[in-house]
Amino acid sequence: MRSADILADLNPEQLRAVTHPGGPLLVLAGAGSGKTRVITRRIAHLLSRGIAARSILAVTFTNKAAREMRERVTELVGPGAKELTVSTFHSFCVRVLREHADRLGLHRGFTICDESDQLTTVKAALREIRLPETSLHPKAALARISLLKNRCVTPGRALAEAADDFDELVARTYRAYDEVLRRSRSVDFDDLLLLTGVLLDRHADVRRRLQERYRHLLVDEYQDTNGAQYEILRRIAEKHRNLAVVGDDDQSIYGWRGADIRKILNFERDFPGTEVIRLETNYRSTEPILEAANRVIRHNRSRHEKTLRGSCGPGEPVRILEMEDEENEAELIVSEIGFEVRQGRAKFGDFAILFRTQMQPRVFEGRLRASRIPYDLVGGMSFFDRKEVRDVLAYLRLAVNPDDEPSLLRVVNVPPRGVGKTTVDRTLETAAKEGISAGAAFERAGVEPVRAFLRTLADFAARIPSVGLPQAIRQLLGALRYDQEIARCYPDAVSRQARTAAVEEILNLAENYARRAQPPTPDGFLEEVALASEEPEEDEKGRPRDVVTLMTLHAAKGLEFPRVYLVGCEEGLLPHQRSVEENTVEEERRLMYVGITRARRRLTITRAKTRAKYGRREGCLPSRFVFELRGETPPAAPAAPSAKQAAPRRASSPRSARGAR
DNA sequence: CAAAACTGCCTTTTT
DNA sequence: GGCAGTTTTG
């Protein structure tokens with residue numbers, strides 16, 4: 001492909017970013033300013049300058065982003081793109097870790113455990129250090145451990161740096177947690193990043209190999225980078241210093257998951273000699289929408305100064321609607337959508353309803369169903385969270401790795417085989433004392449039903465090579481009478497049907513995998529499933545369906561819609577009450593900013609005057625962000641509960657003391 | 001050991 | 001108000 005085409009239709013700033021010769025580059029890309037375009041063109045440009053595809057590493061946060069990036073580069077340069085490494089942080093790290101597992105004393109065939117396995121593991125860890133769950137809640141411990149891992153802090157360092165008793169408790173739990181994981185031959189999601197960081201830190205030869213291999217690094221959504229990801233990038237890039245990052249600090253909304261906005265704010269300091277390029281021309285939204293966005297985000301103090309400039313021209317003003325309650329909010333929006341579509345002015349796919357919390361869409365779903373409007377609720381319970389899916393995957397993992405403790409505990413009595421809490425507790429006690437895996441402890445204690453179960457799994461594993469993975473799974477489920485278990489748990493035909501369908505779907509996934517992969521292995525399948533994310537719904541032709549989209553503001557980042565409803569703009573909801581208490585309102589404001597900038601042509605902001613919360617109706621004040629986007633100053637103490645609507649019983653509630661300030 | 005009653009919680013969730 | 005996770009009961 002000709003170099004001229006790669007550089008066609010770029011504005012001066014985009015052109016500078018695409019042709020930046022080398023060295024650290026920070027592209028501050030405002031919403032809708034052509035961020036992805038800059039990355040893909042830059043890759044194409046590097047290739048056109050004769051740089052080998054295999055020396056380029058482009059990392060993203062989601063599988064979807066990685067896939068899209070690869071597709072778009074392929075469109076530009078053709079099959080030459082095959083040699084590129086375009087991957088999520090996590091899958092890149094899995095590859096590196098598998099290759100060098102021995103260096104960290106890791107099993108090469110480690111499995112990746114998910115969130116609920118993590119919780120099981122943390123409980124095991126607490127048991128091991130004889131810490132009652134009352135003194136440190138498993139969930140709280142896990143959150144702290146995850147944050148430590150995200151900051152690239154090892155158990156040793158956490159212990160050494162513990163400032164108080166609680167820190168030390170967490171650190172000891174962390175250490176025990178890692179030991180349980182290792183004994184289960186497992187790593188968690190955070191480990192993929194942390195351990196890769198440790199590997200690069202401690203093993204100079206591995207570091208050098210990666211530095212020589214990946215001479216050009218490109219990172220998308222850099223504002224979402226956490227400490228561990230930063231360490232990995234820094235280590236690989238420190239030799240050749242060709243690190244190009246693209247992001248928008250104003251769209252950093254994953255701080256609560258360990259993303260560290262300072263990484264983008266301090267990039268120039270961390271990488272001296274950085275060229276900074278601002279992309280401030282927005283190609284998505286009309287003027288009034290951009291004005292609203294600018295007016296809101298201006299109130300944040302921790303940010304790179306930027307102002308979005310429009311290129312789409314004027315448009316209709318942003319609407320701010322006030323409704324009595326959440327029912328009216330839903331009713332009005334749904335009937336408006338129906339009306340617009342019937343008038344032929346829009347199609348369902350033009351609309352998105354964006355909200356802060358997962359409980360908000362309920363009432364919208366009701367109204368949409370009643371109006372027979374097709375919709376897609378993004379997120380919520382994922383396919384991989386379904387009980388049956390998790391059971392079957394646990395069987396698989398256990399077959400591959402009999403030491404996998406979380407998986408064993410999950411299915412040790414599924415279907416029921418007479419192994420209750422007492423037996424399990426006793427066996428886990430032995431396992432901890434002897435330092436052996438739970439599976440081995442069951443074997444040693446001679447718990448016959450479990451031994452038989454483990455034998456069934458071993459038979460299954462042995463049969464995979466001859467009959468193939470999907471067929472073997474089918475036989476295993478038959479041998480375990482899993483269909484009867486479903487029938488037992490779900491007597492009514494409808495839910496039983498749904499559960500059976502979920503199992504069928506896993507078999508489909510396995511069939512698909514077996515056809516594609518070479519050679520197909522159970523480990524490969526499990527890894528793919530662990531790192532996969534769900535695809536948006538598509539019709540038979542692979543086109544997105546014409547449906548109204550319902551999703552959280554978090555899920556909306558990176559997307560755009562002609563018509564957006566940003567609902568529930570109330571104090572306590574957006575910004576969320578907890579963010580007010582925890583002093584993270586700036587992140588909420590970025591969330592608001594993300595929501596506003598999703599809209600191309602029409603933006604409608606709504607709020608309810610009262611809303612049912614925790615089974616009680618409460619008065620709601622307009623969000624401070626609503627005042628901000630009008631250019632007004634919000635009233636002084638917006639967090640105080642509304643005097644008018646608040647229920648009188650509030651006064652008698654012991655909690656009301658904290659509200660009075 | 002499994003079903004029934006009972007708490008306690010309650011933001012967001014790229015991998 | 002609703003659910004999941006835990007404790008109590010049969």
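Quick note on labels: first sequence line is chain A, next is B, and so on, each numbered from 1.
One interatomic measurement links the two molecules: NZ of A/Lys149 to C1' of B/dT15, which rounds to 14 Å at whole-angstrom precision. As rounded to whole Å, 9 Å separates atom P of C/dT6 from atom CG of A/Leu119. In this entry the distance linking CG of A/Asn63 with C1' of B/dT15 reads 7 Å, nearest Å. Regarding A/Met359, its CE atom lies at a distance of 10 Å from the P atom of C/dG2, rounded to whole Å. Atom CD of A/Glu221 is separated from atom P of B/dT15 by 12 Å (rounded to the nearest Å). Note: NE2 (A/His90) to P (B/dT13) measures 16 Å, nearest angstrom. Residue A/Met69 contributes atom CE, which lies 18 Å from atom P of B/dT14 at whole-angstrom precision. Regarding A/Lys123, its NZ atom lies at a distance of 11 Å from the C1' atom of C/dA4, rounded to whole Å.
Taking a 6.0 Å sphere around CD of A/Glu448, one finds it holds more than 12 heavy atoms contributed by other residues, nucleotides or ligands.
The residues A/Arg499 and A/Glu388 are annotated as salt-bridged, a charged nitrogen and a carboxylate oxygen being separated by less than 4.0 angstrom.
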Protein-nucleotides 2-5 of chain B N/O pairs closer than 3.5 Å?
{"from": "B/dA2", "atom 1": "OP2", "to": "A/Asn413", "atom 2": "ND2", "distance (Å)": "3.0"}

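For A/Tyr222 and A/Phe267, the gap between ring centers is short of 6.0 Å. Between A/Tyr214 and A/Phe92, the ring center distance clears the sub-6.0 Å criterion. Within the 6.0 Å centre-distance limit, the rings of A/Tyr254 and A/His554 are counted as a close aromatic pair.
Between A/Phe189 and A/His90, the ring-plane angle classifies as perpendicular under the 30° and 60° cut-offs.
Using a 4.0 Å heavy-atom cutoff across all strands shown, A/Gln358 reaches sugar-phosphate atoms only and no base atom. Using a 4.0 Å heavy-atom cutoff across all strands shown, A/Thr422 reaches sugar-phosphate atoms only and no base atom. Within the 4.0 angstrom heavy-atom criterion, no nucleotide atom of any strand lies near A/Ser91. If you check every strand for non-hydrogen atoms under 4.0 Å, A/Tyr254 touches a base. The residue A/Glu588 sits close to a base: some heavy atom pair falls under 4.0 Å.
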Checklist line | Step-by-step side chain to side chain contact (heavy atoms under 4.5 Å, CB included) determination, A/Glu588 to A/Ser579 | finding: CA-CA 7 Å; A/Glu588 300 286 303; A/Ser579 75; 3.0 Å; yes
Next item on the list: Take A/Arg611 and A/Glu618 through the salt bridge (Lys or Arg N to Asp or Glu O under 4.0 Å) test and state the conclusion after the steps.
Entry: CA-CA 5 Å; A/Arg611 184 177 292 274; A/Glu618 279 185 26; over 6 Å; no
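Base orientation of B/dT12: anti, the glycosidic angle falling outside 90° of 0.
Figure legend: cation-pi geometry between A/Arg451 and A/Phe442 absent, as NZ or CZ is not positioned both under 6.0 Å from the six-membered ring centre and within 45° of its axis. Taking the centre and axis of the six-membered ring of A/Phe625, the NZ or CZ atom of A/Arg589 falls outside the cone set by 45° and 6.0 Å.
Comparing B/dT14, B/dT12, B/dT15 against the side chain of A/Ala259 picks out B/dT14 as the nearest. Distances from the side chain of A/His576 to the nucleotides B/dT11, B/dT13, C/dC3 place B/dT11 closest.
Looking at A/Arg257, its side chain comes within 3.5 Å of the base of B/dT15 through a donor and an acceptor atom.
Side-chain nitrogen and oxygen atoms of A/Thr552 include at least one within less than 4.0 Å of the OP1 or OP2 phosphate oxygen of B/dT13.
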Note to self: Wobble G-U and Watson-Crick pairs count when both distances are under 3.5 Å; given that, what is the 5' to 3' dot-bracket string of DNA chain B, with | for pairing to other strands?
What the structure shows: ||||||||||.....
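Comparing A/Thr423 and A/Arg578 by the nucleotide of DNA chain B that holds the closest heavy atom to each, the one mapping nearer the 5' end is A/Thr423.
With centres under 5.5 Å and a plane angle under 30°, the ring of A/Trp256 is stacked against the base of B/dT12.
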